[in-house]
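Hydrogens, waters and symmetry mates play no part in the numbers below; they use all other heavy atoms, side chains included.
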Amino acid sequence: MIVDLISSAAVNAVTKIFGVKVPPAQLVVQRTIPAFRNQGDYSLVVFPLLKISRKSPEETARLIGDEMLRILPQVESFGVVKGYLNLRIAKSFWEAFVEENFSDAVFGLSPVQSGDPVVVEYSSPNTNKPLHLGHIRNNLLGYSVAELLKASGKNVKKVNLVNDRGIHICKSMLAWKLSGKNETPESTGKKGDKLVGDYYVLFDKLYKSELQALKASGKTDDEAAGASTLMLQAREMLLKWEARDEETLSLWQTMNGWVYEGFDVTYRRLGVDFDKIYYESQTYLLGKEIVEEGLQKGLLFRKEDNSVWIDLAAEGLDEKLLLRSDGTSVYMTQDLGTAQLRANDFAPESLVYVVGNEQNYHFDVLKLILQKLGRPWADHIYHLSYGMVELPEGKMKSREGTVVDADDLMDGMIATARTMTEELGKIADLDSAEAMELYRMVGLGALKYFILKVDPKKNMLFNPAESIDFNGNTGPFIQYTYARIKSVLRKAVLDLNDSKVQLVSDIHPKESDLILSLYEFPATVKQAAADYSPSIMANYLFELAREYNTFYHELSILKEEDPAKRSLRLNISRLTSSVIKNGMALLGIEVPERM
RNA sequence: GGUCCGGUAGCUCAGUUGGAUAGAGCAGCAGCCUUCUAAGCUGCGGGUCAGGCGUUCGAAUCGCCUCCGGAUCACCA
């Protein structure tokens with residue numbers, strides 16, 4: 001990297017001039033701000049060196065600049081503003097960069113390594129609840145982070161953990177049994193996950209009216225809850241399930257099967273996938289074994305009522321329950337089992353959990369328990385904690401019907417993309433299948449970009465009343481830029497073989513801005529992966545597209561007379577297109593050849 | 001109350017390990033299609049970076065305090 005070259009050359013220069021070897025960390029090299037781009041491309045901040053040089057900032061910068069010019073052939077000239085040494089990188093360096101990479105279809109992407117895998121868990125749905133906007137954020141983040149890690153050279157395994165058992169699942173089963181009239185996805189035409197979700201809601205409704213009736217007959221809240229026959233039946237059903245009762249298991253399998261079919265449809269549309277799917281019904285028993293192990297090691301303790309706990313007061317946390325008094329497992333028990341299973345399955349380098357920030361405490365505890373149990377891999381558990389998606393009136397609540405359904409939202413985005421595209425009327429010659437494909441790409445591109453451009457750890461706002469934009473800092477803007485480049489490239493087939501880039505004249509500022517940005521793509525991939533932050537990639541791509549558009553507007557490409565310039569611009573265009581395509585793919589966003 | 005995370009333009013958001021005059025988009029106003037795709041480009045207006053104190057040559061960024069918002073502290077998941 002040129003930044004590293006500059007940095008180490010500066011260290012040598014300082015050593016030579018002032019006789020002091022400074023740590024490279026003290027030297028800040030950054031892209032020159034637009035106001036001084038006439039002086040250089042990268043800037044060295046010399047303020048930290050004043051104590052050593054004991055000269056004015058300008059004088060210090062000049063001395064270092066002179067020496068840099070001598071020892072670093074990539075530096076062509078320099079300028080000084082206050083304590084900033086602005087270095088102009090030689091034209092030949094950029095020419096060589098473009099020439100080397102313009103046709104590299106995987107520029108900036110590292111080949112996947114075969115080392116120990118990074119296991120990324122995301123999605124993790126509850127089979128009672130159809131996917132909503134919050135899940136969309138989770139899925140997009142998880143998918144994108146996994147792709148970014150791959151692109152930075154990691155061996156990545158994407159896994160999903162399905163929350164398929166427990167009292168809540170019994171509730172929807174019970175409601176269906178009591179008043180389902182044998183409805184199926186086929187008989188109703190409903191998506192399986194929606195059908196089951198409806199029964200979950202129905203249970204809640206029936207339960208509430210039962211409570212109402214009990215309270216009307218003079219019972220207190222607690223008494224009513226205790227007397228509820230519905231809740232009693234749900235508990236009985238859970239016991240039957242744990243006892244492997246055939247009829248219960250069969251209903252459970254049938255209804256979960258409907259849900260999985262429904263989820264698959266949504267996952268496919270979202271474009272996310274998994275290498276392995278775990279089910280809590282298959283991990284909770286292992287969790288119980290781990291609790292047993294903890295008891296034997298004296299790490300956990302049993303209360304008089306038979307419940308099992310861990311005391312984390314020394315770590316500043318509370319006592320935490322690991323097994324109920326009736327011996328059944330809780331959330332934490334299952335997650336212990338799941339983590340162990342994953343460690344057994346993959347011998348992973350690290351375990352990444354994409355889970356909302358409401359569970360920060362849970363993951364602190366999970367990691368701590370596993371560490372105390374002596375699992376060395378527990379040190380490499382990382383909770384990628386992301387913020388909630390809020391509506392103008394606050395958090396989404398399934399109970400209050402304020403959730404934004406994932407399928408509905410995607411339908412809406414695609415419909416808007418269609419309206420918009422038809423109004424613009426540029427693709428009248430596409431057949432209907434191609435057109436539908438374009439609407440899908442653009443609609444989903446807008447949605448995905450809207451979500452991924454925000455820093456994961458921050459809460460974000462979604463206002464259903466204002467539709468997601470298609471202009472400005474949006475997915476479609478970047479897709480449009482791609483389609484625009486491809487249009488130029490289609491018309492330039494012959495010129496593209498001309499791969500030699502040798503300019504007689506200077507590089508235009510718009511060209512060098514763009515090249516500079518392209519040059520930074522590989523580092524951006526690494527940065528985004530290291531920070532688990534797709535938003536870094538999203539914002540980079542927006543800047544790149546914006547720079548391309550100003551470049552496109554100010555300079556002609558195909559009509560440029562000078563063949564060397566034409567060739568350079570075409571090659572820059574081609575490289576920009578592949579960076580956009582590859583970068584967007586890391587966000588799970590497709591780009592159209594035309595739009 | 002304890003712990004954690006936020007607070008940047010009217011709105012939605014960027015802002016790398018502290019670096020130059022804090023940036024985009026939307027909304028508003030004014031321009032640009034007989035010329036490679038106008039989902040674009042150019043310009044204008046818009047800021048006490050919640051507030052205060054401190055560290056530093058230099059603070060939106062680091063530390064302390066205060067205010068505001070959110071999450072969490074369940075024999076729910």
Side-chain angles (χ1 to χ4, degrees), chain A residues 25 28 30 32-36 43 45-48 50-51 57 81-84 86 124 126 128 163 165-169 280 303 305-309 316-318 320-326 328 330-332 334-335 356-362 364 385 387-388 390 394-395 417 420-421 423-424 426-427 442 446 450 453-455 457-463 466 469-481 483-492 523-524 527 530-531 535-536 538-539 542-543 545-546 549-550 552-560 569-570 573 594-595:
Chain A
V28 178
Q30 60 192 25
T32 303
I33 62 167
F36 300 111
S43 303
V45 186
V46 302
F47 289 111
L50 299 184
K51 277 185 197 139
V81 178
K82 292 188 275 181
Y84 295 88
N86 302 317
S124 309
N126 174 327
N128 269 333
N163 173 220
R165 49 145 265 136
I167 186 82
H168 55 294
I169 306 295
E280 287 192 356
K303 289 191 178 175
D305 67 358
N306 219 31
S307 55
V308 178
W309 300 74
L317 305 175
D318 300 325
K320 190 80 190 171
L321 177 84
L322 293 177
L323 277 184
R324 294 193 186 97
S325 50
D326 65 2
T328 56
V330 291
Y331 183 33
M332 185 61 73
Q334 293 159 176
D335 251 2
N357 61 14
E358 57 202 348
Q359 292 186 32
N360 288 352
Y361 182 72
H362 173 80
D364 285 348
S385 161
M388 299 291 100
E390 288 168 348
K395 204 185 163 187
M420 204 121 181
T421 309
E423 274 172 16
L424 289 168
K426 293 190 212 169
I427 55 145
V442 174
F450 174 80
K453 77 172 174 181
V454 181
D455 182 344
K457 69 172 180 292
K458 288 190 175 175
N459 286 357
M460 61 178 291
L461 184 81
F462 174 75
N463 188 349
E466 302 166 9
D469 256 305
F470 284 68
N471 298 314
N473 186 356
T474 66
F477 169 84
I478 299 168
Q479 291 172 317
Y480 170 77
T481 306
R484 194 179 221 187
I485 297 172
K486 294 305 277 197
S487 172
V488 172
L489 295 181
R490 274 193 299 272
K491 293 177 180 167
T524 305
Q527 181 75 43
D531 292 358
S535 73
I536 290 174
N539 287 298
F542 171 65
E543 283 304 321
R546 217 159 51 93
N549 280 319
T550 62
Y552 177 91
H553 190 260
E554 278 195 34
L555 304 171
S556 50
I557 302 166
L558 299 173
K559 287 178 184 154
E560 171 57 48
R569 288 173 194 168
L570 273 170
S573 297
R594 293 182 51 190
M595 71 182 275

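The residue Asp455(A) sits close only to the backbone: its heavy atoms come under 4.0 Å of sugar-phosphate atoms, none of a base. Within the nucleic acid shown, Leu461(A) comes within 4.0 Å of sugar-phosphate atoms alone, with no base atom in reach, counting heavy atoms only. Within 4.0 Å (heavy atoms only), Gln359(A) reaches at least one base atom of the nucleic acid. Using a 4.0 Å heavy-atom distance criterion, Ile478(A) is classed as making no nucleic acid contact. Using a 4.0 Å heavy-atom cutoff across all strands shown, Phe470(A) reaches at least one base atom of the nucleic acid. Base engagement by Ser556(A) is indicated by at least one non-hydrogen atom pair under 4.0 Å involving a base atom. Among the atoms of the strands shown, none is found under 4.0 Å from any heavy atom of Thr481(A). Across all strands, Met595(A) comes closer than 4.0 Å to base atoms (heavy-atom distances).
By the 4.5 Å heavy-atom criterion applied to side chains, Leu321(A) and Met332(A) are not counted as neighbours. Tyr552(A) places a side-chain heavy atom less than 4.5 Å from the side chain of Arg484(A). Side-chain contact between Met595(A) and Leu424(A) is absent, with no heavy-atom pair separated by less than 4.5 Å. Contact check for Tyr361(A) versus Leu317(A): side-chain heavy atoms found under the 4.5 Å cut-off. At a threshold of 4.5 Å between non-hydrogen side-chain atoms, the residues Leu323(A) and Asn306(A) do not count as touching.
The nearest pair of heavy atoms linking Asn128(A) to Asn126(A) is N-OD1, 2.8 Å. Taking each heavy atom of Pro57(A) and Val46(A) in turn, the nearest pair found is O-CG2, 3.8 Å.
With a cut-off of 3.5 Å on both pairing distances, rG46(B) has no Watson-Crick or G-U wobble partner at all. Remark: rC4(B) base-pairs with rG70(B). Criterion, Watson-Crick or G-U wobble with two distances under 3.5 Å. When Watson-Crick and G-U wobble pairs are counted only if both distances are under 3.5 Å, rC62(B) pairs with rG54(B). Here rC26(B) sits opposite rG10(B) as a Watson-Crick or G-U wobble pair (both hydrogen-bonding atom distances under 3.5 Å). Here rC32(B) sits opposite rG40(B) as a Watson-Crick or G-U wobble pair (both hydrogen-bonding atom distances under 3.5 Å).
Between rA50(B) and rA9(B), the two P atoms lie 8 Å apart (nearest whole Å). Taking atom P on both nucleotides, rG69(B) is separated from rG63(B) by 23 Å, rounded to a whole Å. Between the P atoms of rC65(B) and rG46(B), the separation comes to 37 Å (whole Å). For the P atoms, the distance linking rA20(B) with rA38(B) amounts to 36 Å, nearest Å. Only the P atoms considered, rU21(B) is 14 Å distant from rG58(B), to the nearest whole Å. Using atom C1' as the reference point in both rU12(B) and rC76(B), the two lie 34 Å apart (nearest Å). Comparing rU42(B) with rG47(B), their C1' atoms are spaced 23 Å from each other, to the whole Å. To the nearest whole angstrom, the two C1' atoms, one in rG10(B) and one in rC62(B), are 31 Å apart.
Under the 90° criterion around 0 for the glycosidic angle, rC62(B) counts as anti.
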(request) Would you mind building the protein contact string for nucleotides 19-33 of chain B? One character per nucleotide, 5' to 3', B for base within reach (heavy atoms under 4.0 Å), S for sugar-phosphate only, - for untouched. (result) BBB--SSS-------

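Atom CG of Asn549(A) is separated from atom P of rU42(B) by 9 Å (rounded to the nearest Å). Rounded to whole Å, the distance from NE2 on His362(A) to C1' on rA71(B) is 15 Å. If you take CD1 of Ile557(A) and P of rC36(B), they are 11 Å apart, rounded to a whole angstrom. The distance from atom CG of Leu321(A) to atom C1' of rA77(B) is 13 Å, rounded to the nearest whole Å. For Lys320(A) and rU3(B), the NZ to P distance is 18 Å, given to the nearest whole Å. As rounded to whole Å, 13 Å separates atom C1' of rG69(B) from atom CG of Asn357(A). Rounded to an integer number of Å, the gap from CG of Asp318(A) to P of rG2(B) is 14 Å. Atom CZ of Arg484(A) and atom C1' of rG40(B) are 5 Å apart (whole Å).
Looking at the side chain of Lys458(A), the nearest of the listed nucleotides rC36(B), rA14(B), rG40(B) is rA14(B). The side chain of Tyr480(A) approaches rA38(B) more closely than any other nucleotide in the set rU42(B), rA38(B), rC5(B). Minimum atom distance to the side chain of Gln527(A) is reached by rU16(B), of the listed rU16(B), rA38(B), rA77(B). Distance from the side chain of Phe477(A) is smallest for rC41(B) among the nucleotides rC5(B), rU37(B), rC41(B). Of the candidates rC36(B), rA77(B), rC5(B), the closest approach to any side-chain atom of Asn163(A) belongs to rA77(B).
Under 4.0 angstrom from either OP1 or OP2 of rA77(B) there lies no side-chain N or O belonging to Arg165(A). For rU37(B), the OP1/OP2 oxygens have a side-chain nitrogen or oxygen of Lys491(A) closer than 4.0 Å. Side-chain N/O atoms of Arg324(A) include one lying less than 4.0 angstrom from OP1 or OP2 on rA77(B).
Relative orientation of the His362(A) and Tyr331(A) rings is parallel, given thresholds of 30° and 60° on the angle between their planes.
Nearest-nucleotide assignment on RNA chain B puts the 5′-proximal partner with Glu466(A), out of Leu50(A) and Glu466(A). Positionally, the nearest nucleotide of RNA chain B for Lys51(A) lies more toward the 5' end than for the other of Lys51(A) and Asn126(A).
With no hydrogens or angles considered, a side-chain donor-acceptor pair links Ser43(A) and Asn86(A) at under 3.5 Å. Ser385(A) and Asn360(A) share a donor-acceptor pair across their side chains, judged by distance under 3.5 Å alone.
Side-chain atoms of Thr421(A) come within 3.5 Å of backbone atoms of Ala417(A) as a donor-acceptor pair (strictly under, hydrogens ignored).
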